[in-house]
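Single-structure report; data block below.
Fair warning: this is a prediction, and the values are worked out from it, not measured in the lab.
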Amino acid sequence: MTRRTFLFVLGSSRSDGNTEALAREAAAQLPSDVEQRWINLAEHPLPDFVDLRHDADRVRPEEGNTALLLDSTLAATDIVIASPLYWYSVSTQTKRYMDHWAGWLRTPGLDFKASMAGRTLWGVTVLAGDRLQVADPLVGMLRNSAAYLEMRFGGVLLGSGSKPGDVLSDTEALTHAKTFFAQEALPARFPHESD
């Protein structure tokens with residue numbers, strides 16, 4: 001894939017929330033020839049993930065939200081997980097989407113792991129308060145997921161805000177958003193791997 005295509009997966013329970021606002025600020029800096037697709041998980045809910053790896057063969061979803069998200073994920077060179085920080089990790093909707101990755105890994109004929117290798121995973125999150133290190137579990141989950149799939153990891157754009165629109169007053173986050181997607185995304189590594 002030479003032409004970049006970004007998939008923005010919005011995982012907030014609130015429409016037009018702070019995380020989406022920060023993601024849109026960063027996306028506005030992408031070149032005009034970079035395709036962007038935005039999918040709001042609240043508007044395209046996935047069923048709960050059921051682990052069938054020892055019980056039955058999986059089949060590729062052909063319709064509905066699961067097929068939409070699978071096809072959109074496979075079509076993207078860059079996947080952006082835009083989830084508010086909920087209990088120090090991603091939202092339920094976002095976690096459900098990523099849980100489905102486990103099923104796609106085991107879907108015959110899909111070769112999901114090989115397909116994801118070399119693509120880039122990014123994150124955007126907004127949290128209440130200014131102690132950004134409390135988002136470390138969310139960052140770790142995304143980095144480790146990227147490492148497992150041999151993806152690149154662009155990091156997580158962090159912002160602060162609680163009420164809708166608060167993040168637009170976070171000048172540090174807005175400044176970082178201007179160059180976030182321009183930075184080099186390195187191959188993801190697990191924390192225990194040496195450089």
Return the minimal non-hydrogen interatomic distance between [X] and [Y], and the atom names on each side.
| X | Y | answer |
| --- | --- | --- |
| Q183 | H176 | OE1-NE2, 4.1 Å |
| L149 | F112 | CD1-CE2, 4.3 Å |
| A27 | F8 | CB-CZ, 3.6 Å |
| L127 | A135 | CD2-CB, 4.3 Å |
| R3 | T77 | O-CG2, 3.5 Å |
| S83 | T19 | N-CG2, 3.6 Å |

- Message: Using the rule given for side chain to side chain contact (heavy atoms under 4.5 Å, CB included), can you reason through V80 versus V9, listing the C-alpha separation, both sets of side-chain angles and the distance that settles it, and then say yes or no?
- Response: CA-CA 6 Å; V80 183; V9 180; over 6 Å; no

- Query: Below 4.0 angstrom, N of the basic side chain to O of the carboxylate: do R4 and E35 qualify?
  - Reply: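 Salt bridge flag = no for E35 with R4.
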
- Item | R96/D48 ion pair, N-O < 4.0 Å |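 A salt bridge is present here (some side-chain N lies under 4.0 Å from a carboxylate O).
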
- So, T107 versus R60: side-chain donor-acceptor pair below 3.5 Å or not?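 Distance-only check fails for T107 and R60.
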
- Item | No-hydrogen, no-angle side-chain donor-acceptor test under 3.5 Å, E20 and S12 |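 Their side chains do not contain a donor-acceptor pair, so the 3.5 Å distance test is not met.
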
- Task: Indicate yes or no for a side-chain donor-acceptor contact from E193 to the backbone of F190 under 3.5 Å, with no hydrogens or angles considered.
- Result: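 Yes; judged by distance alone, with no hydrogens or angles, the pair exists.
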
- Query: When you measure from the side chain of D170 to the backbone N and O of S160, does any donor-acceptor pair fall under 3.5 Å?
  - Reply: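 Checking the backbone N and O of S160 against the side chain of D170, a donor-acceptor pair under 3.5 Å is found.
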
- Message: For a ring-ring contact (aromatic ring centres under 6.0 Å, His included) check, start with the C-alpha distance between F6 and F181, then their side-chain angles and the critical distance, and finish with the verdict.
- Response: CA-CA 10 Å; F6 275 70; F181 292 126; 5.1 Å; yes

- Is it the case that more than 12 heavy atoms not belonging to Q29 sit under 6.0 Å from its CD atom?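 Count over threshold, so yes.
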
- Message: A cation-pi test, strictly: NZ or CZ of K95 under 6.0 Å from the centre of the six-membered ring of Y86 and no more than 45 degrees from its axis. Yes or no?
- Response: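 Not satisfied by the 6.0 Å and 45° rule.
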
- Item | Of Y97, W104, W101, the residue whose pairing with T73 passes side-chain hydrogen bond (donor to acceptor under 3.5 Å, both in side chains) |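 Exactly one option meets the side-chain hydrogen bond (donor to acceptor under 3.5 Å, both in side chains) with T73, and it is Y97.
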
- Examine L7 and V124 and state if one hydrophobic cluster contains both, with Ile, Leu, Val, Met, Phe, Trp and Tyr joined whenever side-chain heavy atoms are less than 4.5 Å apart.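 No, because L7 and V124 fall into different hydrophobic clusters, even though each may have its own neighbours under 4.5 Å.
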
